Every structure is written in C-alpha cells, then in structure tokens.
S.K.: 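Please read through the structure below; I'll follow up with questions.
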Amino acid sequence: MKAFYVTTPIYYVNDAPHIGHAYTTTAGDVLTRWHRQRGEAVWFLTGTDEHGQKVMRTAEANGVEPQVWADKLVDNAWLPVLDTIDARNDDFIRTTQPRHMERVQRFLARLKDEGHIYEGKYEGPYCVGCEEFKLEGDLVEVDGAKCCPVHGRPVETVSEVNWFFRLSAYTDALIAHYEAHPEAVRPQSAYNEVMSFLRQGLQDLSISRSTFDWGIEVPWDPSQVVYVWFDALLNYATAVGLDDPAGSEGAAKFAATWPADVHLVGKDILRFHAVIWPAMLMAGGVALPKCVFAHGWLLVGGEKMSKSKLTGIAPAQIIDHFGSDAFRYYFLRAITFGADGSFSWEDMSARYTAELANGLGNLASRAAAMVGKYSGGVLAAHHDYTTADHVIIDGLATAAARADACMLDLDFAGGIAAVKEFVDAVNLYVTEQEPWKVAKDEAAMPRVETILYVICEALRGIAVLYNAVMPKAMGELWAQLGAEASLGGLDGQDVRDAGTWGQLPAGSVITKGAVLFPRLEDVA
RNA sequence: GGGGUGGUAGCUCAGUUGGUCAGAGCCCCGGACUCAUAAUCCGGUCGUCGUCGGUUCGAGCCCGACCCACCCUACCA
C-alpha cells in the first residue's frame, strides 16, 4: 500500500523559525496523525533548505562557512522546534545531505540528456554595488532611471550564461492537467491564481548560477551551481529515493511513497510548487503530486507577521505559556485552513480558557470527580438508555463522521468544530441530567451509573478524535479513563471507529489525574 | 496597467446550488445549579450583510460600476 505522503516546505535556514513555519508543520502533523489513526501507511517529511546566496551572505557576515552556519541553525533552532510543537515527522531532509545532492545531480543530468535543459543567457538588471542581479519589482525610480534600492544608483542590464529549463514547453500541459484535476491546487483561490498565471504563458527558467558557489554543482559544468529553487523543490522526491536504480532500497521507498498526496505550502511559494515543480516532474516523466495546498498568512494586528515589524513570534513564546496542545488546537481551530488568519494573544487566551479549560478540561474533571464520588472510581455498567442518552450516543457518531470527512479534506477548523460541539453537548447533558441530584435517592443509583457511563464513553470518543490535534492532553485523558487496559494505546485507536458506542468497558478505573488544561493567569 | 482574494453584530468569523439568511463564538447584563479548573446551563442587548444601480415574485448570496484592504505580476527564498 502506498503511504499517504505529506510534506511541509523545507524551511530556509537563514533565520530562526517563527509561528508561521510552525503553523505549516503543525498542520502537516495533525493531518498525518489523523491518517495514521485511520490505519493508513503514512510518510511525513519536513526539512531545511540550506543553499543559496542569502545563506552564504549570512554565514559570511557571521564569519563562518555556510555549512557551519546551516548546521548551527538546524541543530539549535529547526530541529528543536519540532519537539516544541510536538511534531512527529518520519524524516527530516537537509539539502546539503549527500542523499539529496547526489539525486539532484543525477536527475538534472538526466533532464539535460533528454533535452530539457539548454545553455542560454539570463539578462536582467544588475547592481554593481551589490554585485548581484535585481528584481524588476525591487527597483526604485530616481529621476526616471531604475535604481538599486540599496545603493540608489542606476542598475545596468547585464547578461550571464546560465543553464535553462524549458519551462515554457509545459504551459499547455499544466493547464490541461489542472483542468482535469481541479483538486490539485487548493484552496480554490490558489487554483484561480495558478490558472490565470499559466494562461499568460510561461517563460523558460534559468536554473543555474555562476556568481556564487554555495549550491549543488551542475554536474556537467563545475562553474555553475544549481539555482536554489530547482534544488529545493526536488527535496520532496530525493528524500524518498528519486530515480534510484531498480531493485534498490531507494527505489522500493519511492514506489511505496511517491507521488506526494499533499504538499503543504504558504501561499507565497504557491507558484513554485504549482507551476515549476510539476513541470520539472513532467520533464522527468515522474508522477505529479496529488495536491498542493496553499495556506494563508498569520496576521498580527492586521498585518502579515514579519521580523522587521517585530511581529515575528517564536513558537516557544506561545508554547511556554499555553503548551504545545493549545498551540496546535488554536491555530487549526481558529483559522480556516487556506485563508489568512488573525492571531492575537487575547484571542488565544480567550479560546484556551473557554474551549479547552472550561469546556473540555472541566468536563473531564467533573466526570472523574463524579465517578469517584458516586461509583468508587470504577466505571459501572450502564442500564437502559433514555432519549437524552441517545442524543449523546448519536452525537458522538455524528461528530466522528463529520470530523473524519473534514480532516480528510484538510478542513481542520471544521473537524475540530465537530468535536468541540460534541464536547459542548456533553457538558449540557451533564448539567441537564443532574446526576448529583439523582444520586440523592439510593434507589436511583442505576440511573446515575448510566449517566456516568454515557459521560465517560463520550470522553473516550473525544480522546480518540482529538488525539491528532492534542496528543499530550488526550494521552492524559486516556490514562484518566483507564482505557488502555482494555482498549490498548490511544494512538492505535482507529478514528473511523471512534463513533462506535460502548467501547469503554464497565470496570474501567477512572482516576482524577492532572488537570488537562489548567487555567492560566493573564500575561500582558 | 493586468490578475486574485476579502470588506456580515464591539471583537474573531460561518453563511452550500438566491426564498425563516440575518447567524455562531467571545465580550457584556440577568437568572438556574453545585459534579467540576469561581467551571456548567438558561435568557437577553448589539448589525440598512463596503457603496450605488440592475436581474428576480424574492439577493450577503446573480450581474454591472465604484470605494477600501491585502496579495501576485516570474528567477530573494
């Protein structure tokens, strides 16, 4: 069975990770955890992009070799952040690893042999002061002349001999592909952008550079290095054995993994993934990814988060306070995946308190307390169900079905809402059934036992359905329900069966453990 | 200039193919209850759905124009 293969972008090691990066990785992690809990084979890849002029410059500015600089950032920032957000990736690729560089060179050589690459001239505005080519859009007009924004003096038009990829040849094929597969670029707004871009026609792409050397050497031309994007995009395929010889381990891995089911990207890098990347694969005769999903920006104070505006937030700043579960929950719950979303500390605090502490956490707390108080800490068997009980029983089935459908569709907010609404329904049920009043009549204890069973079994379903989003807290809840003894580990619970009622057996030992989501003091 | 997305209660946002569509949550006010993390539950206040026209028996939802915000317009990633 081919694995469900999900990738995040490989992150550029120039800077330390902020919550925008963590957001993408979190989405991938929740998605893959969900699929694992459906019993599917899954492969979740993330990693770092380490070549290119910017990294080289930054390293120089810090007085170290580029590789040393990259190593340092990977070890001190990019790998640790995975633990911080509690991501469970299967692999972590770095573009400076031999496995990547060798496969890139081999693939590139093959494209050249097959006529997809030719020698040409790249011509563009060049600033002598910067010693580099500029982008049209970056230039500023001074007295009618296009000038370098850094040096303020006119740019020259300079040409450089580069190797070019025949991107233009794929305009029609890409349009045809996306017309046949409208689900291949999501959300719809991203699809529209890609299509309108394609309809303007594509130009060939310069894929090598001769002005600096921090990159993968062009195999047949040691004077040039591979353009960083061409290198970077290939990571998704090189990581799983692109073009490895038949019969090799890499070939087996590739067959079991490729094509990617979902490439998660920020909308800023949509074009690279939805235009250049599939064209590269077409040229190489490699299957195209099933879907590129472009998510939106995290906005702070209505503006795109950015370091220069001091709105770049490190994941640890939030997670130190709220914990990784709340981080994962908040960003996927509060923001429609694909759209831009506003982040504010106040909003996160409000949701944490209302939905996690007062909603879910308190429900678990009152359940455990009542089983302890009225049932000696051991879950009793239920008796006949009432209409109210059936509302909960049916509600769980509905929530599970909704959540599954939403998660498969990458509608994380919808999936979480399905479960959250069920939590609310159970809190309502507890209040309306008033087991503390029923318990005052000794003869009514069977009814109390049934009510408590309904609550605890509902929590069992909630734990399974929320495990992908909040693995730490749901693991704790699973332990408090005493479920492992009879049902096994939480990760092994199939989400497709989560809505099947009656799994938590009578006799389960319910304990009032640690508070799932402690109330937090406001911090300014 | 061309293209894309969005403009719905104080805040964050839902609103499928036009006909209880004027909503949810938070916030705020009042009440019930005590199993619980001073939690839970009930009730209530708030909007001319960016503007102006049009199509229709009927439009946040369709069409046109306009205003505002953000993004893309190709080789920094």
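So that the names make sense, note that chain A is the first sequence line, chain B the second, and so on, each numbered from 1. Since we're looking at a predicted model, the values are computed, not measured.
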S.K.: Which whole number of Å gives the distance between the P atom of B/G53 and that of B/G47?
M.R.: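 My reading of the P atoms in B/G53 and B/G47 gives 23 Å.
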S.K.: Do the side chain of A/N362 and the main chain of A/G359 share a donor and acceptor less than 3.5 angstrom apart?
M.R.: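 Checking the backbone N and O of A/G359 against the side chain of A/N362, no donor-acceptor pair under 3.5 Å is found.
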S.K.: Heavy atoms only, 4.0 Å cut-off, all strands: where does A/Y374 land among base, sugar-phosphate and nothing?
M.R.: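 Contact class for A/Y374: sugar-phosphate only.
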S.K.: For the side chain of A/K54, counting heavy atoms from C-beta on, which of B/A77, B/U12, B/C76 is nearest?
M.R.: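 Between B/A77, B/U12, B/C76, the one nearest the side chain of A/K54 would be B/C76.
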S.K.: Need one value for A/V228: base, sugar-phosphate or nothing, where a base atom within 4.0 Å counts as base even if backbone is also close, heavy atoms only.
M.R.: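 Answer is sugar-phosphate: A/V228 comes under 4.0 Å of backbone atoms only.
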S.K.: B/U73, B/U37, B/A77: which one has an atom nearest the side-chain heavy atoms of A/R271?
M.R.: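 Minimum distance to the A/R271 side chain belongs to B/U73.
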S.K.: Using only atom types and a distance under 3.5 Å, with no angle test, would you say the side chain of A/D49 pairs donor to acceptor with the backbone of A/I10?
M.R.: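 Checked: no pair found.
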S.K.: Check the distance between B/A36's P and A/I510's CD1 and give it to me in whole angstrom.
M.R.: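 Nearest whole value for this atom pair: 16 Å.
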S.K.: What interatomic distance, in whole Å, is found between C1' of B/G58 and the corresponding atom of B/G3?
M.R.: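 Between the two C1' atoms, the distance is 34 Å.
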S.K.: Tell me if a side-chain donor or acceptor on A/D389 pairs with a main-chain N or O of A/T386 at a distance below 3.5 Å.
M.R.: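 Such a contact is found between A/D389 side chain and A/T386 backbone.
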S.K.: Nearest nucleotide by nearest heavy atom, which residue falls closer to the 5' end of RNA chain B, A/A232 or A/R366?
M.R.: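 Between the two, 5'-proximity favours A/R366.
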S.K.: Is B/C49 paired to anything, Watson-Crick or G-U wobble with both distances less than 3.5 Å, and if yes, which nucleotide?
M.R.: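 Here B/C49 is not engaged in any pair, so there is no nucleotide opposite it.
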S.K.: Tell me what A/G201 touches on the nucleic acid: a base, only sugar-phosphate, or nothing, going by heavy atoms under 4.0 Å.
M.R.: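 A/G201: base contact, heavy atoms under 4.0 Å.
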S.K.: Across all strands, who's sitting opposite B/C62 as a Watson-Crick or G-U wobble pair, both distances under 3.5 Å?
M.R.: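 The base-pairing partner of B/C62, which may sit in any strand shown, is B/G54.
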S.K.: For A/T171 versus A/G201, what's the shortest heavy-atom pair and its separation?
M.R.: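 Looking at all heavy atoms of both residues, the shortest contact is CG2-CA, 3.9 Å.
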S.K.: Counting any heavy atom closer than 4.0 Å, what does A/R209 reach on the DNA or RNA strands: base, sugar-phosphate only, or nothing?
M.R.: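 Answer is base: heavy atoms of A/R209 come under 4.0 Å of a base.
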S.K.: Mind checking if A/L202 touches a base, just sugar-phosphate, or nothing, with heavy atoms under 4.0 Å?
M.R.: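 Result for A/L202 = base.
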S.K.: Are A/T48 and A/Y12 linked by a side-chain donor-acceptor pair shorter than 3.5 Å?
M.R.: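 No, A/Y12 and A/T48 have no side-chain donor paired with an acceptor closer than 3.5 Å.
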S.K.: Write down the distance separating the P atoms in B/U37 and B/C29, rounded off to the nearest Å.
M.R.: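 It comes out at 24 Å once rounded to the nearest Å.
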S.K.: Using whole Å, what does the distance between atom C1' of nucleotide B/A77 and atom NE2 of A/H51 come to?
M.R.: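 Computing the A/H51:NE2 to B/A77:C1' distance gives 14 Å.
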S.K.: Taking atom P in both B/A22 and B/A59, what distance in whole Å separates the two?
M.R.: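 Roughly 12 Å separates the two P atoms.
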S.K.: Using OP1 and OP2 only, check whether a side-chain N or O of A/Y429 sits under 4.0 Å from B/U40.
M.R.: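 Checking B/U40 against A/Y429, no side-chain N or O comes under 4.0 Å of OP1 or OP2.
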S.K.: Would you mind classifying the nucleic acid contact of A/S189 as base, sugar-phosphate or nothing, using non-hydrogen atoms under 4.0 angstrom?
M.R.: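 Answer is sugar-phosphate: A/S189 comes under 4.0 Å of backbone atoms only.
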S.K.: Quick one: is the NZ or CZ of A/R271 closer than 6.0 Å to the six-membered ring centre of A/F197, and within 45° of its axis?
M.R.: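 Flagged: A/R271 positioned over aromatic ring of A/F197.
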S.K.: Given the P atoms of B/G18 and B/C61, what is the spacing between them in whole Å?
M.R.: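 The same atom, P, in both gives a distance of 11 Å.
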S.K.: Is A/K512 close enough to B/U37 that one of its side-chain N or O atoms is under 4.0 Å from OP1 or OP2 there?
M.R.: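 Result: yes.
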S.K.: Would you kindly give the CE-to-P distance between A/M56 and B/C76, to the nearest whole Å?
M.R.: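 That distance rounds to 14 Å.
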S.K.: Is a side-chain donor or acceptor of A/R460 paired with a backbone partner of A/W478 at a separation under 3.5 angstrom?
M.R.: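 Judged by distance alone, no pair lies under 3.5 Å.
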S.K.: What integer distance in Å separates A/I335:CD1 from B/G25:P?
M.R.: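 So the two atoms are 20 Å apart, to the nearest Å.
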S.K.: Both A/N192 and A/A350 contact RNA chain B. Taking the nearest nucleotide for each, which residue is further toward the 5' end?
M.R.: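 Nearest-nucleotide comparison on RNA chain B picks A/N192.
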S.K.: Name the residue from A/Y330, A/F327, A/W345 that meets the ring pair (Phe, Tyr, Trp, His ring centres under 6.0 Å) definition with A/F322.
M.R.: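 Going through the options one by one, the only one that passes is A/W345.
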S.K.: Distance check: side-chain N/O of A/S365 vs OP1/OP2 of B/C35, anything under 4.0 Å?
M.R.: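 No, outside the criterion.
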S.K.: Using whole Å, report how far CG of A/L298 lies from P of B/C71.
M.R.: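 So the CG-P distance, A/L298 to B/C71, works out to 15 Å.
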S.K.: Under 4.0 Å between any heavy atoms, over every strand shown, what does A/K267 touch: base, sugar-phosphate, or nothing? Just pick one.
M.R.: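 Result for A/K267 = nothing.
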S.K.: Measure the distance from OH on A/Y11 to C1' on B/C76 and round it to the nearest whole Å.
M.R.: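 Value for this atom pair: 18 Å.
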S.K.: When you measure from the side-chain N and O atoms of A/R519 to the phosphate of B/A39, is any distance below 4.0 Å, counting only OP1 and OP2?
M.R.: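 For B/A39, OP1/OP2 do have a side-chain N/O of A/R519 under 4.0 Å.
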S.K.: Hey, is B/G60 sitting syn or anti, using the within-90° cutoff around 0?
M.R.: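 Syn.
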S.K.: Please work out if A/G52 contacts a base, only the sugar-phosphate, or nothing of the nucleic acid, heavy-atom cut-off 4.0 Å.
M.R.: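 Nothing, no heavy atom under 4.0 Å.
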S.K.: Name the nucleic acid region contacted by A/L516, choosing base, sugar-phosphate or nothing; use a 4.0 angstrom heavy-atom cut-off, strictly under.
M.R.: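 Base contact - A/L516 has a heavy atom under 4.0 Å of at least one base atom.
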S.K.: Distance between the P atoms of B/U8 and B/U16, in whole angstroms?
M.R.: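 That atom pair is separated by 16 Å.
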S.K.: Does the B/A39 base have a donor-acceptor partner in the side chain of A/N362 within less than 3.5 Å?
M.R.: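 Check fails, no donor-acceptor contact within cut-off.
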S.K.: Given 3.5 Å as the limit, does a donor-acceptor pair link the side chain of A/T25 with the main chain of A/A22, or not?
M.R.: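 A pair under 3.5 Å: no.
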S.K.: Can you tell me how far P of B/G7 sits from CG of A/L299, to the nearest Å?
M.R.: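 These atoms are roughly 14 Å apart.
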S.K.: Taking only the side-chain heavy atoms of A/W436 (C-beta and beyond), determine which of B/C42, B/U34, B/A77 contains the nearest atom.
M.R.: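 So the side chain of A/W436 is nearest to B/U34.
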S.K.: Does the structure show a Watson-Crick or G-U wobble partner for B/A36, both distances under 3.5 Å? Name it, or say none.
M.R.: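 Checking every strand shown, B/A36 finds no partner, since no pair has both distances under 3.5 Å.
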S.K.: Searching all strands shown, indicate the nucleotide that pairs with B/A22 (Watson-Crick or G-U wobble; both distances under 3.5 Å).
M.R.: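 Check on B/A22: unpaired, no WC or wobble geometry under 3.5 Å.
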S.K.: Would you kindly give the CZ-to-P distance between A/R186 and B/U5, to the nearest whole Å?
M.R.: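 The distance from CZ of A/R186 to P of B/U5 comes to 16 Å, rounded to the nearest Å.
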S.K.: Determine whether a donor-acceptor pair (one donor, one acceptor, N or O, separation below 3.5 Å) exists between the side chain of A/K373 and the base of B/C35.
M.R.: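 Such a pair does not exist between side chain and base.
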S.K.: Pick base, sugar-phosphate or nothing for A/S344, based on heavy-atom distances below 4.0 Å to the nucleic acid.
M.R.: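 Here A/S344 touches no strand at all.
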S.K.: Determine the Euclidean distance between corresponding C1' atoms of B/C28 and B/G64; express it in Å to zero decimal places.
M.R.: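 These two C1' atoms come out 42 Å apart once rounded.
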S.K.: Picking from B/C71, B/C41, B/U34, which would you name as closest to the side chain of A/K440?
M.R.: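 Closest nucleotide among those given: B/U34.
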S.K.: Could you work out which one of B/C26, B/C76, B/C75 sits closest to the side chain of A/A354?
M.R.: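 Side chain of A/A354 sits closest to B/C26.
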S.K.: For A/V469, does its backbone N or O pair with a side-chain atom of A/R328 as donor and acceptor, under 3.5 Å?
M.R.: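 Flag set: sc A/R328 to bb A/V469 pair under 3.5 Å.
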S.K.: Contact class for A/N14 vs. all strands (heavy atom < 4.0 Å): base, sugar-phosphate, or nothing?
M.R.: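 Nothing: the residue A/N14, judged by heavy atoms under 4.0 Å, touches no strand.
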S.K.: Report which part of the nucleic acid A/A369 touches: base, sugar-phosphate, or nothing (heavy-atom distance under 4.0 Å, all strands).
M.R.: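 The residue A/A369 makes sugar-phosphate contact but no base contact.
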S.K.: Within the structure shown, what part of the strands sits under 4.0 Å from A/S196 by heavy-atom distance: base, sugar-phosphate, or nothing?
M.R.: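 If one applies the 4.0 Å heavy-atom cut-off, A/S196 turns out to touch the sugar-phosphate alone, with no base involved.
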S.K.: Tell me which nucleotide, if any, is Watson-Crick or G-U wobble paired with B/U5 when both distances must be under 3.5 Å.
M.R.: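 By the stated definition (distances under 3.5 Å), B/A69 pairs with B/U5.
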S.K.: Which nucleotide wins on minimum distance to the side chain of A/N358, given the candidates B/U37, B/C13, B/C71?
M.R.: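 The answer is B/U37, which lies nearest to the side chain.
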S.K.: In whole Å, measure the gap between the C1' atoms of B/C76 and B/C63 for me.
M.R.: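 Approximately 42 Å lies between the C1' atom of B/C76 and that of B/C63.
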